[in-house]
Amino acid sequence: MGTYHIKDKHSYTQNYKTSIEDPETFWGTIAKDNFSWKRPWNRVLDWDFSTPKVSWFEGAQLNITENCIDRHLDGNGDKTAILFEPNDPNAASEAISYKELHKRVNKFANILKSKGIQKGDRVCVYLPMIPELAISILACARIGAIHSVVFAGFSATALASRINDCDCKMLITSDGGYRGAKTIDLKSIADEALLECSGIESVLVVKRLHSEIPMVKDRDFWLQPLLEDASELCDAEVMDAEDPLFILYTSGSTGQPKGMVHTTAGYMVYAAYSFKNIFQYEPDDIYWCTADIGWITGHSYIVYGPLLNGATTVMFEGVPSYPDYGRFWSIVEKHKVTQFYTAPTAIRALAKEGLEVVEPYDISSLKIIGTVGEPINEEAWHWYNDHIGKRKCPIVDTWWQTETGGIMISPIPNSFEGKPTFATLPFVGVIPALMDENGIELKGNSVEGRLCIKFPWPSMARTIWGNHQRYKETYFSAYDNMYFTGDGALRDENGHYRITGRVDDVIIVSGHNLGTAPIEDAINEHPAVAESAIVGYPHHIKGSALYGYVTLKNANNSSEALKAEINQLISKQIGPIAKLNKIQFTTGLPKTRSGKIMRRILRKIASKDTSNLGDISTLLNPEVVEMIMENSQ
Ligand code: WTA
């Protein structure tokens, strides 16, 4: 049996033990006792990592929005579901109750239907952090359409490739968005993308900036007038447990982004249960996660996890630096936030501004503070603990991935303590393993290796949209019968895990995963460029930053202007988040005799760690290493 609330160390130990020894009974009990189902399952779990195939609660039927909204209406209909804090600190915040959310989701769902969207259709959502972003994905889920949210910082090219990859029929966007002192013109980016997307039949446009924008006749529709006529009632579509709920793209080490597919029931159960326990959510809490809903953190821990628990979830439109670096803490004070969840890169950026921007605010409402997205360094952890948590709030350093759907390794406040830079212990149901390079599992404590997961958990992604073979190769082929995370980790003498970082060519810049291959492809499109290689190097705020080695067809063309052109090209193909911090023009790149670029050496040079470059004599062109070192930045 399992208990929904993990209250203390004993209950963590008990729940963990049952979840491992008898996962079907454990998750079956949690699922049955805490959610509403239209039909029970035939079998809790069916799995085979070699195919790979995983299904949870097969045969069950449900709709996740009834669990997120409808079932709270009777007792908690007037409670605030979404607390929207706009970019402009002088504009009013908006409290959307569960009742109001119900109406708005239903209306939106009816509009989707009226535009021909049916169960199973894909709908792309490209919106800033405004309530319609949460409402539109819930509206999709209400009618069984599969949402694919694309972060509003991505470029037209990146948006188009994501729309086409999963054949979206509709795009939901806005006339623009506010981001600090700037505005972003989303509709014109969307229009440019749509030149490449023949599958899009209609575009719903939310008014946010009230700016004049071109609308394409019979394709583009303003949302507001449609809402006025839409009915507030919309029956929730009956969904099978394993019907896809959403697709979310994440970078791979090679090739194009992968459309991770999450399904309905298992995702729901795990997102809800992990939210409840890792944030120790209580009914009067005001919970705030600063992520964007364009990323998995926003899906699971701004929208689904909190709403499934009937919580109040804060949604913030702006940025931490606007109108000044005190903004986060002013919001914590204003709404008496109890749980605050952010990224190490934000903590470092705020710590740099000094305590003058923290001290004016009363942040004593905080009970638990969290981080996600990349390893948190010791200094940032202590600053967060001392100055934000005031040494009384447990820090939950939560390790997980787009692919895992929910938090996998994290402290559980009240059950055991965190330790600086350690994600600590696996969450209930999670069985981690560390593997050495020969595929042997490292048993016991005080070991370091590649992090794998040995057993299915309910919210794992089931496939890559349209490419199950790639799913198998990326996650289930490195080691037999294990899910490979792509991360390295160590297990200390007490069995606590510390994530050491990616072991593949994914670089995490300010918490955003970036694959090197698409960036290199973008650079190589420049007519002056012969070839390029991107590596990450340590950066005091971003965690990692990008260093590009670029070989030109004609070395005489190197110039600052060309560097700017290269970054523009990257911005256009991917988005400004993928711009390079440093660019070094090279006469060649170090290669193995089989022609493979030796990134290990380039990484060391970029990190200014050249004391031990290893044996370079076996390279095809050892002489370039010296030249690259001389000119490094
Ligand atoms: C990294 C974000 C260390 C890791 C939820 C992982 C972390 C990748 C942590 C997934 C953490 C995430 N400590 N590293 N607490 N959390 N990561 O898909 O490398 O955007 O594989 O999901 O971020 O990033 P993604």
Side-chain angles (χ1 to χ4, degrees), residues 149-151 153-154 246-253 257-262 267 270-271 274-275 278 289-305 341-348 369-378 380-381 384 395-412 418-427 430 432 448 450-453 459-461 464 474-475 478 483-490 496-515 536 538 542-544 577-578:
V149 181
V150 176
F151 172 59
F154 278 120
F246 65 86
I247 299 168
L248 188 60
Y249 286 85
T250 187
S251 302
S253 40
K258 301 165 287 192
M260 304 313 307
V261 177
H262 282 283
Y267 175 82
Y270 196 88
S274 55
F275 172 78
I278 290 162
C289 165
T290 70
D292 191 291
I293 295 175
W295 311 114
I296 191 71
T297 305
H299 281 59
S300 303
Y301 299 110
I302 296 179
V303 182
Y304 288 112
Y341 189 30
T342 196
T345 186
I347 297 169
R348 288 189 295 263
I369 55 178
T371 86
V372 59
E374 60 187 305
I376 180 163
N377 50 310
E378 187 112 21
W381 194 98
Y384 201 33
I395 295 183
V396 289
D397 174 357
T398 63
W399 173 83
W400 59 298
Q401 310 179 293
T402 304
E403 295 85 338
T404 69
I407 296 169
M408 300 290 280
I409 303 183
S410 167
I412 298 183
K419 172 173 171 184
T421 76
F422 277 74
T424 66
L425 294 176
F427 189 63
V430 175
E448 180 167 355
R450 295 174 173 220
L451 179 62
C452 292
I453 312 289
S459 65
M460 63 190 294
I464 292 174
T474 311
Y475 304 106
Y483 166 83
F484 173 48
T485 65
D487 282 322
L490 62 82
H496 287 211
Y497 290 84
R498 174 188 187 163
I499 310 302
T500 49
R502 302 290 309 183
V503 294
D504 56 11
D505 286 328
V506 171
I507 304 170
I508 305 187
V509 179
S510 301
H512 301 149
N513 291 9
L514 299 169
K542 299 178 173 196
S544 297
I577 51 176

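First listed ligand is number 1; within each ligand, the first listed atom is number 1.
Listed for the Tyr301 side chain is a donor-acceptor partner under 3.5 Å among the backbone atoms of Ile407. Side-chain atoms of His299 come within 3.5 Å of backbone atoms of Ile293 as a donor-acceptor pair (strictly under, hydrogens ignored).
Those atoms of ligand 1 that come under 4.0 Å of a heavy atom in Pro375, given as number and element, are 3 (C), 13 (N), 14 (N). Residue Asp397 approaches ligand 1 through these ligand atoms, each under 4.0 Å from one of its heavy atoms: 11 (C), 13 (N), 15 (N). The contact set between ligand 1 and Thr398, taken as ligand atoms under 4.0 Å from a residue heavy atom, comprises 9 (C), 11 (C), 15 (N), 16 (N).
Ala380 pairs by the side-chain contact (heavy atoms from CB on, under 4.5 Å) definition with Ile347, Arg348, Ile376, Asn377, not counting sequence neighbours. Residues satisfying the side-chain contact (heavy atoms from CB on, under 4.5 Å) test with Ser510, not counting sequence neighbours, are Thr345, Lys542.
Distances between N or O atoms of Gly373 and those of ligand 1 include at least one value under 3.5 Å. Between Thr485 and ligand 1, not a single N/O pair is under 3.5 Å apart. Considering backbone and side-chain atoms alike, Gln401 places an N or O below 3.5 Å from some N or O of ligand 1. In terms of polar-atom proximity, Asn513 is counted as a contact of ligand 1, with an N or O under 3.5 Å from an N or O of the ligand.
Contacts with ligand 1 closer than 4.0 Å are made by no heavy atom of Ile376, backbone or side chain.
Evaluated by nearest non-hydrogen atom to atom 13 (N) of ligand 1, the leading choice among Met260, Glu374, Met408, Arg502 is Glu374. Distances from atom 22 (O) of ligand 1 to the heavy atoms of Thr297, Val396, Thr402 put Thr402 nearest.
The shortest separation from a heavy atom of Trp400 to ligand 1 is under 4.0 Å, placing the residue in contact.
When hydrogens are left out, the protein atom nearest atom 4 (C) of ligand 1 is Asp487 OD2, 3.1 Å; that is the closest non-hydrogen contact. The nearest heavy-atom contact from the protein to atom 8 (C) of ligand 1 is Ile508 CD1, 3.8 Å.
Scanning all heavy atoms of the two residues, the minimum distance from Gly488 to Val503 falls at N-CG1, 3.6 Å.
Gln401 contributes atom CD, which lies 7.5 Å from atom OH of Tyr475 (distance to the nearest 0.5 angstrom).
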Check against ring-ring contact (aromatic ring centres under 6.0 Å, His included), Tyr304 and Phe275: CA-CA 9 Å; Tyr304 288 112; Phe275 172 78; over 10 Å; no
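Taking the centre of each ring, Phe246 and Tyr267 come in below the 6.0 Å mark.
A donor-acceptor contact closer than 3.5 angstrom links the side chains of Thr398 and Tyr341.
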